[in-house]
Amino acid sequence: MEEAKNQSLEEDFDGQATHTGPKGVIHDWRKFKLESEDGDSVPPSKKEILRQMSSPQSRDDKDSKERFGRKMSIQEYELIHQGKEDEDCLRKYRRRCMQDMHQKLSFGPRYGFVYELQTGEQFLETIEKEQKSTTIVVHIYEDGVKGCDALNGSLSCLAAEYPMVKFCKMKASNTGAGDRFSADVLPTLLVYKGGELISNFISVAEQFAEDFFAGDVESFLNEYGLLPEREMPALEQTNVEEDIE
């Protein structure tokens, strides 16, 4: 019963790269292989085999279903796995699948740098109007206070690595509450989500060594579960071949 259900789901997707299960993956690969071939350079016999391998079957075509469900012949296996040309094609197919998956998992606003907040109104607007799922990290600092410059530099690095998190900085003298943010409590980190303060770290530089870097701040924030998982690097820029079994 379960196998029949899975087969029906695979048939209804009309050959898109959204199939699940071994049969769906093999079908997607066969179709991608056929579309990637240069029509002028492919022998007719090879093109016909690829077309037969990739053609979706009708719901009532028993012979087609048997052809789709059978194991690959030696000829088909060698056709898929021959030479560097097929390795390049397979690598492109893997990359496209990973990009599709990455695009589906990546949603929401993107930032990528540290925003400078100039007024209390900007501060409130940032906290209240961002999406509820967005984590906002605000650094309250002041020029000349130990640790503030190092923390600003660290947050700039983290902002690039976590573009789904909104990193901000604001001078204590611009908050309208300078008496609450005196030099002895700076640098201070405020973390908000859904308009609510979820973490508050005063004199946060005391948590690190005298010389600290982005990795130290990242580890500290991760200890409190304040950062999401890192995004995968841009797939078109990587030279590492992922193994998809």
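Just so it is clear, the structure is predicted and the values come from calculations on it, not from any experiment.
Evaluation of the side chain to side chain donor-acceptor pair (under 3.5 Å) rule for Lys171 yields Asp143 as partners, not counting sequence neighbours. With sequence neighbours excluded, the residues that form a ring-ring contact (aromatic ring centres under 6.0 Å, His included) with Phe113 are Tyr115. Contacts of Ala159 classified as side chain to side chain contact (heavy atoms under 4.5 Å, CB included), with partners at least two apart in sequence or in another chain: Val114, Phe167. Remark: Thr175 engages Ile140, Met170, Ala177, Phe181 in a side chain to side chain contact (heavy atoms under 4.5 Å, CB included) (not counting sequence neighbours). With sequence neighbours excluded, no residue forms a side chain to side chain donor-acceptor pair (under 3.5 Å) with Asp179. With sequence neighbours excluded, the residues forming a side chain to side chain donor-acceptor pair (under 3.5 Å) with Tyr141 are Glu116, listed by chain and number. In this structure Glu125 satisfies the side chain to side chain contact (heavy atoms under 4.5 Å, CB included) test together with Lys129, sequence neighbours excluded. Checked against salt bridge (charged side-chain N to carboxylate O under 4.0 Å, His left out), Glu142 has no partners two or more places apart in sequence or in another chain. Not counting sequence neighbours, the partners of Asp184 by the side chain to side chain donor-acceptor pair (under 3.5 Å) test are Ser182.
Atom-to-atom distance recorded for His139:NE2 and Leu186:CG is 7.0 Å, nearest 0.5 angstrom. For the atom pair CG of Asn174 and CG of Leu117, the computed distance is 9.5 Å after rounding to the nearest 0.5 Å. A distance of 4.5 Å separates NZ in Lys166 from OG1 in Thr126, rounded to the nearest 0.5 Å. With rounding to the nearest 0.5 angstrom, the CZ atom of Phe201 is 4.5 Å from the CZ atom of Phe220.
Of all heavy-atom pairs between Leu158 and Ala214, the closest is CD2-O, 3.9 Å.
Contact of the Ile136 side chain with the Glu130 side chain is registered, since non-hydrogen atoms from C-beta on lie closer than 4.5 Å. Using a 4.5 Å heavy-atom cutoff, the side chains of Leu151 and Leu189 are in contact. Counting heavy atoms from C-beta outward, Val191 and Tyr224 have side chains that stay 4.5 Å or more apart.
Within the structure, the side chain to side chain donor-acceptor pair (under 3.5 Å) test picks out the following pairs touching residues 210-220 (sequence neighbours left out): Tyr162-Glu218, Glu218-Arg230. Every pair tested for side chain to side chain donor-acceptor pair (under 3.5 Å) that includes a residue from residues 189-200 fails, sequence neighbours excluded, so the list is empty.
By the criterion of side-chain heavy atoms lying less than 4.5 angstrom apart, applied directly or through intervening Ile, Leu, Val, Met, Phe, Trp or Tyr residues, Val217 is grouped together with Val165 in one hydrophobic cluster. Each of Val137 and Leu190 belongs to its own hydrophobic cluster when Ile, Leu, Val, Met, Phe, Trp and Tyr are linked at side-chain heavy-atom distances under 4.5 angstrom. Linking ILVMFWY side-chain heavy atoms closer than 4.5 Å, directly or via other members, places Val204 and Leu155 in a single hydrophobic cluster. Under the 4.5 Å side-chain heavy-atom criterion for ILVMFWY residues, a single connected hydrophobic cluster contains both Ile198 and Met164. At a threshold of 4.5 Å between side-chain heavy atoms, the hydrophobic network of Ile, Leu, Val, Met, Phe, Trp and Tyr places Leu226 and Phe208 in one connected group.
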